[in-house]
Amino acid sequence: MLLDFYLLDVSYEVVSQEPHIIIWGVSRDGKRVLLRDKRFRPYFYAILREKASAEAVARKIISLSERSSPLIKVEPVEKKFYGKPVNALKITTVIPEYVRKYREKVKEIPEVVEVVEADIRFSLRYILDHHLRPCGWHRAEVEARGRNPSYKVEEEYEVKGEINPLEDWSTPELRIMAFDIEVYNETGTPKPERDPVIIIGVLTSNGVFKQFLADGFNDKNAIIEFTRFVQTYDPDIIVGYNSNRFDWQYLLERASVLGLKLDVGRKKDSPPSTSTYGHVSIAGRLNVDLYDFAEEIPEVKIKSLDVVADYLGVMKRESRVLIDYVDFPKYWNDPSKRGLLLKYNEDDVRSTMGLADKFLPFAMQLSYITRLPLDQVGAASVGYRLEWFLMHEALLNNELIPNREEKEAETYKGAVVLTPLKGIHENIAVLDFTSMYPNIMIKYNVGPDTIEKPDGCSIASHYIAPEVGHCFRREPPGFFKNVLSMLLSLRKLLRSEMKKYPPTSMEYRLLDERQKAVKILANATYGYMGWLGARWYCRECAEAVTAWGRTIITAVINRAREMGLKVIYGDTDSLFVENDPVKVRSLVEYVERELGFEIKIDKVYERVFFTEAKKRYAGLLTDGRIDIVGFEAVRGDWTELAKEVQENITSILLKEKNVDKAVEYVKTVIANLMQNKIPVEKLIIWKTLTKKIEEYDVESPHVSAARKLEKKGLKIDVGDKVGFVIVKGAGKISERAEPFNLAKDPRLIDVNYYIEHQVVPAALRILEYFGITENDLRKITSTAGRKSLFDYLGKH
DNA sequence: CTAATGTCCTC
DNA sequence: TCTGAGACATTAG
């Protein structure tokens, strides 16, 4: 029979010396189904010396066969490696774990040059080989097997024939469950062997909200009831916030302390386990940690659930309960306060479900495009997402997948950044190349398979990169050219398809998320080639791309100047020019006709302001919005106060051109600061710890603050953001950096530091181009003969 | 004063 | 765990 199913996940198990692929899905009639494929076997390839006899090597390999997982097939295959046909053998065994073992032995054979594709996990290998699409529909030829008591599915099937993806954009009704746990702890770091889970909150996509509570400090029943709830509701997707690193780990350890089984999967006796990219894997369900997607929003500095939910409009911070986790014991032990703690947990769970609504549509499309199951795609880095996509493309092109190799870091030259013409400019157009780097790679056939040694390189048959001289075959089209052409045209297709639907429709949303996923992959390809961890690493390729980029943008700059079109600024693939429609049009045409690239007006600034610094500017767009780029106002390591000041004066200057008003405003802020009228929250400086505290060579303020937190018994990890304030006293700034939550007394704040190192520099960065000096900001206007700030400060 | 270290952001 | 280019604060000497 033929069965249509929507693919959730693929896993495998070994049943009496035979690997079974387990496909978890949802059928058309909404049944949760399992498809078992007993026919798939693990394999890898050996690339042989050109002259070696494949038959002879095959015999040698077969002699390595072990009874516990015999080599069932060793066959010559016609495959390409970096675009060239190679003499290769496909080596198939039975038990997936034996692939590694055989790989090591096969490597030792003298005729074997390289062993490839031995490090691809079995279940993902199955997805690639059968061209499956996680979060997509498929049709399979199967035989029904009825129910199997070992699995929580309505029907089991055995795959007997082909499985083919279907062109079907619908999504079945999936059951989603959000959850969040609260843990009792008095010291800051909860210990599973001591501290119970006091609340487990769950919310389902059909609106059921429930909380499982510990009985005092006994959480045994709460965990049992939670497990039971999961089995009863039977979610397809479980979402949490930081659940991979915290909730699941804690529940697992707690369950083990209590002698419980955390049986939440669709397979009996199969508790959650930590898997690839550090994500927690649950049999038959997609466990998604939404924190992974929150991490990809750079404009949100503090990634706590309440802040992210507020930013995305899921739940306002002001209208929810917020409790610091060190205060949990107080709320838990006081019956009159416990209700608030429960509400706090409920708000967290509801926020988590809200985030799922925001993130899952994109995540599912990313999963569909990259073929990484939904629970892995969030945890995987940009490089790995792209790589999974490339691996499938390699398979389609009959290309062997290169190994990830250890290599020395080598740097190369990057893009052109022009020194801006400082000052205010009116009516400026920003021209942007459309996908500059991908298009360079397509036009010049750049890639690890098309690059050739300089000898024998000629302009007739090759593209030669300027400056660096790297040489790429013109024909045939290489791997990256094919992949990128496909991605760019797919994106175009998706965008035109989108326009056929109303923007509020499901189809529109789905296509939009899909085209975004495609864009991300295309844009990451250049960076991927320069990434040391890449299978298709090619430093020369990346170097050639930036060299062509520099040449192209330089040509456009020169052309603009020849035409008498003033260039204000440019970076990598963008140019800021006078908005002279006739000249701009002619420049755009030149780029298209003479250079073969597309350049577009991205935006027009009514007024834009530059200092002499690169990568920093502020502009007033024609629609009245203010754009601030690179300046302190948009950086996460400046105080809210300084950012606010800079943002406001920028707005006053660009919109009203009123320097005096801006100066007066800064003075007011300074006066408020001196009178302790500024809330401490606006004075916190946040910086990330990028390595372990003890590894730092320099005792900078955030390191010193982190040390102070550690002394208080708080655990500080790499990647944590440390918020600190500067307090009064003598000595280095780092010595006076106090963790903000340990410095509750606002009178101890060193106002002077904030004036001199935050407000004044941030304001002056802009104002000094209008002739304003530090003194102008510090002097109180002569009205009413008030004391100057210097008198106040006892300075000068 | 300069050099080095460290962080964040842009394209 | 996608690149190099870049700005700037702070420490160290």
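Note on naming: letters A, B, ... go to the chains in the order of the sequence lines (proteins, then strands), and numbering restarts at 1 for each one.
Annotation: cation-pi pair Arg539(A)/Tyr412(A) absent, no NZ/CZ under 6.0 Å from the ring centroid and within 45° of its normal.
Residue-level contact check: Lys615(A) touches the bases, meaning some heavy atom is under 4.0 Å from a base atom. Contacts of Ser734(A) with the nucleic acid, taken as non-hydrogen atoms under 4.0 Å apart, involve only primed sugar atoms and P, OP1 or OP2. Across all strands shown, Val545(A) has no heavy atoms under 4.0 Å from either base or sugar-phosphate atoms. No contact: Thr546(A) has no heavy atom under 4.0 Å from any strand. Here Tyr617(A) lies in heavy-atom contact (under 4.0 Å) with sugar-phosphate atoms only. Nucleic acid contact class of Gly527(A) (heavy atoms, under 4.0 Å, all strands): base.
Each of dA9(C), dT10(B), dT1(C) was ranked by its minimum atom distance to the side chain of Pro761(A); first place goes to dA9(C). In this structure, the nucleotide among dA12(C), dG6(B), dG6(C) sitting nearest to the side chain of Glu699(A) is dA12(C). Minimum atom distance to the side chain of Ser574(A) is reached by dC11(B), of the listed dG6(B), dA9(C), dC11(B).
One finds a side-chain N or O of Thr690(A) lying less than 4.0 angstrom from the OP1 or OP2 phosphate oxygen of dT7(B). OP1 or OP2 of dT10(B) has not a single side-chain nitrogen or oxygen of Thr572(A) nearer than 4.0 Å.
As rounded to whole Å, 16 Å separates atom P of dT3(C) from atom CD of Glu540(A). Taking atom CG of Leu390(A) as the reference point, atom C1' of dT1(C) lies 15 Å away to the nearest angstrom.
Ring planes of Trp548(A) and Tyr444(A): parallel class, angle under 30° (limits at 30 and 60°).
Of the possible polar contacts, one joining the Thr650(A) side chain to the Gln646(A) backbone as a donor-acceptor pair under 3.5 Å is found.
No hydrogens or angles were tested; on distance alone, a donor-acceptor pair under 3.5 Å links the side chain of Arg635(A) to the base of dC8(B).
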